[in-house]
Amino acid sequence: MSGIPEQRLQEPRADRPVMPADYGVPDHDENLLPWSHARERLQQSQNYWISTVRANGSPHATPIWAVWLDDKLYFDGSPETQRGKNLARDPRIVAHLESGSDVVIVEGEARPLSSPPRSLTERVAAAYRDKYADLGYAPQADQWDEGGLYEMQPRKALAWTSFPTNCTRWRFDGE
């Protein structure tokens with residue numbers, strides 16, 4: 001993202017995901033993808049799919065526009081949407097990109113930001129404008145003063161471009 005300085009971030013820990021043995025995931029660390037691979041795709045993606053949990057425990061999936069800043073996913077929307085209602089009750093969330101061959105999946109928790117700091121909303125709004133202004137969405141930093149901005153803190157991420165050879169799992173602090 002041009003003009004949007006990123007904070008200095010600690011890299012998540014990379015290893016192999018746990019899958020059934022017959023899936024063929026290697027038991028060594030050769031060919032692990034670098035975190036920069038996943039980060040770049042998360043920053044550049046136009047569309048993200050998120051899944052939340054309904055009150056009855058069933059999943060709810062929806063496509064969204066979002067921005068990846070400082071290794072967190074920021075997205076907006078009314079708390080009256082199904083995803084907003086779900087997140088108010090249960091913060092667990094999964095986000096993934098559209099590709100089924102260049103896969104990036106992120107699991108974590110999302111929370112609405114009430115009265116977010118202006119320095120953050122300026123960066124988020126600028127990132128949204130960089131990505132979506134040509135598509136008609138150009139929010140201003142004060143748009144979320146009364147709520148409607150969500151922050152997803154990742155706990156775990158998975159990615160691969162050549163299954164199962166380079167299947168990689170990253171774990172963030174606390175996971």
Side-chain angles (χ1 to χ4, degrees), residues 1-13 34-54 59-99 102-159 169-175:
M1 307 261 149
S2 62
I4 304 166
E6 287 204 19
Q7 295 177 357
R8 187 84 169 123
L9 303 171
Q10 182 177 354
E11 297 285 314
R13 295 179 315 280
W35 176 241
S36 60
H37 170 87
R39 180 185 285 147
E40 180 178 302
R41 276 144 190 83
L42 287 160
Q43 288 171 335
Q44 293 175 354
S45 184
Q46 177 178 312
N47 300 306
Y48 305 76
W49 282 89
I50 62 169
S51 295
T52 57
V53 182
R54 293 179 188 266
H60 174 260
T62 187
I64 61 167
W65 286 350
V67 295
W68 186 263
L69 285 174
D70 304 329
D71 282 347
K72 294 179 184 173
L73 186 69
Y74 292 92
F75 58 96
D76 59 0
S78 170
E80 297 304 312
T81 63
Q82 186 63 56
R83 72 176 175 258
K85 292 175 186 176
N86 294 346
L87 290 170
R89 195 186 71 310
D90 185 336
R92 293 176 297 167
I93 187 171
V94 175
H96 66 87
L97 308 183
E98 293 182 302
S99 177
D102 189 352
V103 174
V104 178
I105 304 166
V106 182
E107 300 177 11
E109 296 179 356
R111 63 184 176 94
L113 297 179
S114 57
S115 303
R118 181 65 69 213
S119 60
L120 174 63
T121 59
E122 286 173 355
R123 293 179 65 232
V124 171
Y128 263 112
R129 288 191 303 270
D130 284 351
K131 282 177 81 168
Y132 301 109
D134 291 347
L135 299 171
Y137 189 54
Q140 298 304 309
D142 63 356
Q143 176 170 318
W144 305 293
D145 285 354
E146 303 299 318
L149 181 63
Y150 293 81
E151 176 183 82
M152 178 190 180
Q153 174 66 54
R155 300 288 180 228
K156 180 171 51 173
L158 301 169
R169 171 181 63 183
W170 295 274
R171 290 182 281 176
F172 295 77
D173 286 339
E175 182 62 30

Side chains of [X] and [Y]: closer than 4.5 Å at any heavy-atom pair?
X      : Y      : value
Met152 : Lys72  : no
Lys85  : Leu87  : no
Val94  : Ile50  : no
Tyr150 : Asp76  : no
Arg13  : Asp173 : yes
Leu73  : Leu42  : no
Val67  : Asp130 : no
Val103 : Leu97  : no

Are the charged groups of [X] and [Y] less than 4.0 angstrom apart, N to O?
X      : Y      : value
Arg39  : Glu11  : yes
Glu107 : Lys156 : yes
Arg92  : Asp90  : yes
Arg155 : Glu109 : yes
Arg118 : Asp142 : no

Supply the atom-to-atom distance [X] [atom1] to [Y] [atom2], rounded to the nearest 0.5 angstrom.
X      : Y      : atom1 : atom2 : answer
Thr52  : Arg54  : OG1   : CZ    : 7.5 Å
Asn47  : Glu98  : CG    : CD    : 4.0 Å
Glu151 : Leu69  : CD    : CG    : 10.0 Å
Arg83  : Ser51  : CZ    : OG    : 12.0 Å
Leu149 : Ser114 : CG    : OG    : 10.5 Å

Of all the heavy-atom pairs spanning [X] and [Y], show the shortest one and how long it is.
X      : Y      : answer
Ala66  : Phe75  : CB-CB, 3.9 Å
Pro116 : Trp144 : CD-O, 3.8 Å
Ala141 : Ala125 : N-CB, 3.8 Å
Ala138 : Gln140 : O-NE2, 3.5 Å
Gln46  : Trp65  : O-CD1, 3.3 Å

Handout entry: Over 12 non-hydrogen atoms of neighbours within 6.0 angstrom of CG in Asp134
Key =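 It does not: Asp134 CG has 12 such atoms or fewer within range.
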
Handout entry: Set of residues satisfying ring-ring contact (aromatic ring centres under 6.0 Å, His included) with respect to Tyr74, sequence neighbours excluded
Key =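 ring-ring contact (aromatic ring centres under 6.0 Å, His included) list for Tyr74, sorted by chain: empty.
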
Got a donor-acceptor contact below 3.5 angstrom from the [X] side chain to the [Y] backbone?
X      : Y      : value
Arg89  : Asn86  : yes
Ser45  : Tyr48  : no
Lys131 : Ala126 : no

Practice task
Look at the aromatic rings of Trp35 and Trp170 and report parallel, tilted or perpendicular, splitting at 30° and 60°.
Solution key: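 Plane angle over 60°, so perpendicular.
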
Practice task
Can you sort out the partners of His37 under side chain to side chain donor-acceptor pair (under 3.5 Å), two or more places apart, ordered by chain and number?
Solution key: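 His37: side chain to side chain donor-acceptor pair (under 3.5 Å) contacts with Arg41, Asp102.
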
Practice task
Go through the structure and list residues passing side chain to side chain donor-acceptor pair (under 3.5 Å) with Arg129, not counting sequence neighbours.
Solution key: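 With sequence neighbours excluded, Arg129 shows a side chain to side chain donor-acceptor pair (under 3.5 Å) to no residue whatsoever.
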
Problem - Step-by-step side chain to side chain contact (heavy atoms under 4.5 Å, CB included) determination, Glu122 to Val124 - result: CA-CA 6 Å; Glu122 286 173 355; Val124 171; over 6 Å; no

